[in-house]
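What follows is a single structure, written as structure tokens, with notes after it.
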Amino acid sequence: MRARIKSFSEYVGERSISESLMYHINNDISITESVYRPGSTGHIELLSEARSLFESGVLKLSQVDSGLFEGTELGLTGIYNGHEVPLDLPLEAHHMNEAEYKGRQVELNVPKRGGSKKFYVYVRNPKTKKINKIEFGDTSGLTAKVRDPKARKSFAARHRCAEKKDKTKAGYWACRVNRYAHLWGGKTYPGYW
């Protein structure tokens, strides 16, 4: 099972678990394969609840699903211009996370094709607060086989993707590029590249 509740009978007395999270657990559906449309209220609430239970040690997740919450802010929200917004949610429609890089407006934390490598992304360095352009990806003509589960698993093992937590490093983005639908024809793929 990809996700399971530890001490479930004890936990139910304290707080009920949503029907949508129980559906994922009972049907062995990964949190990365949410039954909700990415960015929808249901999707954000599912991520938030799963994160809360995972961090409290009640919900046990697979390595892929736990990677969603370790080293990211996925499932958390913040206030932007007086509105509550989801954090670390890779959606093209969210353009609220913008900054200035070398005199022009750029979108943060959204990989794009191009640059000196195959992809690039702008990130804010948490220590210096400066905007950095991170370029990553092969330039020798190899293609990323993100649609192939065996290729994703092999890549994740070779590059130790579960250990990559620093957004200011190319390895972090290379491991997670499969989560950005706009790069792959509108489809995301679970796990690491």
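Side chains are part of it too, since the values below use all heavy atoms of this structure and drop only hydrogens, waters and symmetry mates.
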- Item | Flag side-chain contact, heavy atom, 4.5 Å: I44 against E49 | no

- Query: Say you draw a straight line from CZ of F119 to CD1 of I134; how long is it, rounded to the nearest 0.5 Å?
  - Reply: 15.0 Å

- Item | Verdict with reasoning, L87 to L74, per side-chain contact (heavy atoms from CB on, under 4.5 Å) | CA-CA 6 Å; L87 301 177; L74 189 64; over 6 Å; no

- Query: If you draw a 6.0 Å radius around NZ in K130, do more than 12 non-hydrogen atoms from other residues or ligands fall strictly inside?
  - Reply: no

- Task: Output, in order, the C-alpha distance, side-chain angles, deciding distance and verdict of side-chain contact (heavy atoms from CB on, under 4.5 Å) for L47 and L76.
- Result: CA-CA 8 Å; L47 291 173; L76 299 175; over 6 Å; no

- Query: Between D88 and K167, does a salt bridge (charged side-chain N to carboxylate O under 4.0 Å, His left out) hold up when you go through it step by step?
  - Reply: CA-CA 11 Å; D88 262 356; K167 284 186 173 185; 2.4 Å; yes

- Task: May I have the step-by-step check of side-chain contact (heavy atoms from CB on, under 4.5 Å) for R176 and K164, ending in yes or no?
- Result: CA-CA 10 Å; R176 290 160 177 81; K164 309 257 192 233; 4.0 Å; yes

- Message: So I25 and L59, do their side chains get closer than 4.5 Å, heavy atoms only?
- Response: yes

- Message: Side-chain heavy atoms nearer than 4.5 Å, only ILVMFWY residues, links allowed to pass through others: does that put F54 and M22 together?
- Response: yes

- Query: Side chains of L46 and L21: does their closest heavy-atom pair fall under 4.5 Å?
  - Reply: yes

- Message: As a quick check of understanding, evaluate side-chain contact (heavy atoms from CB on, under 4.5 Å) for R51 and F69, giving each step before the final call.
- Response: CA-CA 6 Å; R51 180 185 193 93; F69 304 121; 3.5 Å; yes

- Message: Could you tell me if the side chain of Y172 sits less than 4.5 Å from the side chain of T72, heavy atoms only?
- Response: yes

- Query: Are V121 and V110 side-chain neighbours, meaning at least one heavy-atom pair lies under 4.5 Å?
  - Reply: no

- Query: What pair of heavy atoms forms the shortest contact from W173 to P111, and how long is it?
  - Reply: CE3-CG, 3.9 Å

- Note on the structure: When rounded to the nearest 0.5 Å, the distance separating NE2 of H24 from OG of S20 is 7.0 Å

- Message: Using every non-hydrogen atom in the two residues, find where T168 and N125 come nearest and quote the distance to one decimal.
- Response: CG2-CA, 4.0 Å

- Grab the two heavy atoms, one from L53 and one from S56, that are nearest each other, plus how far apart they are. O-OG, 3.0 Å

- Ion pair R104/E100, N-O distance below 4.0 Å: no

- Might you point out which heavy atoms bring K133 and Y101 nearest each other, and give the distance in Å? CB-OH, 3.6 Å

- Task: Looking only at non-hydrogen atoms, find the nearest pair between T139 and S116 and report the distance.
- Result: CG2-O, 3.5 Å

- Query: Roughly how far, to the nearest 0.5 Å, is the CG atom of N27 from the OG atom of S30?
  - Reply: 13.0 Å

- Query: Heavy atoms, side chains only, cut-off 4.5 Å: are Y23 and S18 in contact?
  - Reply: no

- Message: Contact between I131 and L108 at the side-chain level, heavy atoms closer than 4.5 Å - yes or no?
- Response: yes

- Message: If I compare all heavy atoms of G137 with all of K117, which pair ends up nearest, and what's the gap?
- Response: O-CD, 3.3 Å

- Intermediate values then yes/no, salt bridge (charged side-chain N to carboxylate O under 4.0 Å, His left out), K118 and E135: CA-CA 8 Å; K118 192 174 283 186; E135 297 180 288; over 6 Å; no

- Task: Would you mind reporting whether L61 and I31 have side-chain heavy atoms less than 4.5 Å apart?
- Result: yes

- Task: Hey, could you give me the OG/CD distance between S66 and E55, rounded to the nearest 0.5 Å?
- Result: 12.0 Å

